[in-house]
Number of protein chains: 2
Amino acid sequence: MNEQLRAISELDRVIHEPGRLMIVALLAGVKECDFLFLLNETRMSRGNLSTHLTKLETAGYVEIEKTYRGKVPMTLLRLTRPGRKALDEYRKGLMAAF
Amino acid sequence: MNEQLRAISELDRVIHEPGRLMIVALLAGVKECDFLFLLNETRMSRGNLSTHLTKLETAGYVEIEKTYRGKVPMTLLRLTRPGRKALDEYRKGLMAAF
DNA sequence: GCAGACTAGTTTTCTACACAAACTAGTTTT
DNA sequence: AAAACTAGTTTGTGTAGAAAACTAGTCTGC
């Protein structure tokens with residue numbers, strides 16, 4: 001079996017999902033942002049964004065900090081070091097495949 | 001919203017699934033092959049390979065020809081022109097994103 | 001000062017799909 | 001002629017993604 005193909009079948013599914021790939025790619029560029037920023041950039045529904053973020057958190061790829069902007073709740077997101085690494089690996093896998 | 005991200009959310013899900021991406025990438029390189037060749041190259045289960053192929057056929061991306069090698073059934077697979085195009089578009093979308 | 005609208009998300013529900021196990025139709029072997 | 005093998009397909013099931021419904025709290029108009 002061909003090496004390029006093996007790379008495809010070994011892609012990280014957590015990152016591979018387009019919704020989450022968008023999130024992770026965005027976070028990789030900004031080092032921190034809030035929920036509403038992601039909501040606006042990705043055009044996902046709130047529920048969707050929330051569950052994808054929870055999944056990324058569970059995977060250890062994203063840190064979720066709940067805080068306030070004045071009296072209004074605000075959720076801050078950051079890519080963790082493992083998250084960064086997972087994205088890099090994913091990129092490498094893709095590039096190897098194509 | 002950022003253009004690169006839009007490209008990610010618009011990736012063709014039929015192609016995006018790793019199992020099918022492997023199949024399509026392989027078919028793009030050989031122009032015709034049989035079921036067993038794909039089975040061997042991808043290391044998928046037979047059932048899995050079969051359903052992915054049916055899905056690709058339904059999408060119009062792959063042609064399935066059922067024939068015989070002597071008395072033994074043989075299934076030939078080919079990427080269709082739309083299939084080729086879909087793969088190219090998919091590649092473009094990915095490259096735009098990274 | 002409280003009723004209703006709004007904000008910022010979370011939880012629940014529903015649908016679809018990937019995967020594997022079981023099955024089928026026919027062939028070869030012993 | 002039974003058993004084992006080939007080349008797949010169909011069926012069943014658990015998981016996951018998307019949408020809808022819900023929650024907790026804040027702001028605004030009357």
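Here Lys55(A) reaches the OP1 or OP2 of dG17(D): one of its side-chain N or O atoms lies under 4.0 Å away. Checking the phosphate oxygens (OP1, OP2) of dC17(C), no side-chain nitrogen or oxygen of His52(B) falls inside 4.0 Å. Arg20(A) has no side-chain polar atom (N or O) that falls below the 4.0 Å cut-off from OP1 or OP2 of dA18(D).
The closest donor-acceptor contact from the side chain of Ser50(B) to the backbone of Arg46(B) lies at 3.5 Å or more, if one exists at all. Side-chain N or O atoms of Thr80(B) include one that pairs as donor or acceptor with a backbone N or O of Gly60(B) at under 3.5 Å. Proximity of a side-chain donor or acceptor of Arg20(A) to a complementary backbone N or O of Val14(A) within less than 3.5 Å is detected.
A side-chain contact (heavy atoms from CB on, under 4.5 Å) with Leu38(B) holds for exactly one of Leu77(B), Val30(B), Thr75(B); it is Leu77(B).
Rounded to whole Å, atom C1' of dA8(C) lies 13 Å from atom CG of Leu77(A). Here dG17(D) presents its C1' atom at 20 Å from CZ of Arg43(A), a figure rounded to the nearest Å. One atom, CE of Met44(A), and another, P of dA8(C), lie 17 Å apart when rounded to the nearest Å. What separates CG of Leu49(B) from P of dA21(C) is a distance of 16 Å, to the nearest Å. In this structure, CZ of Phe37(B) is placed 15 Å from P of dA7(D), rounded to the nearest angstrom. Atom-to-atom, CE of Met22(A) to C1' of dA18(D) comes out at 13 Å; the value is rounded to the nearest Å. In this entry the distance linking OH of Tyr68(B) with P of dT6(D) reads 17 Å, nearest Å. We find that CG of Leu21(B) is positioned 15 Å from C1' of dA18(C), with the value rounded to whole Å.
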Pairing string, 5' to 3', for DNA chain C - Watson-Crick or wobble contacts under 3.5 Å, brackets [ ] where pairs cross, | to another strand: ||||||||||||||||||||||||||||||

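Using a 4.5 Å heavy-atom cutoff, the side chains of His52(B) and Asn48(B) are in contact. Tyr61(A) places none of its side-chain heavy atoms less than 4.5 Å from the side chain of Arg84(A).
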Could I get a table of every N or O pair under 3.5 Å where one atom is in the protein and the other is in nucleotides 8-11 of chain D?
| unit_1 | atom_1 | unit_2 | atom_2 | d |
| --- | --- | --- | --- | --- |
| dG8(D) | OP1 | Thr75(B) | N | 2.8 |
| dG8(D) | OP1 | Thr75(B) | OG1 | 2.1 |
| dG8(D) | O3' | Lys66(B) | NZ | 3.3 |
| dT9(D) | OP1 | Lys66(B) | NZ | 3.0 |
| dT9(D) | OP2 | Ser50(B) | OG | 2.6 |

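In this structure, Glu17(A) pairs ionically with Arg13(B), as a charged nitrogen and a carboxylate oxygen lie closer than 4.0 Å.
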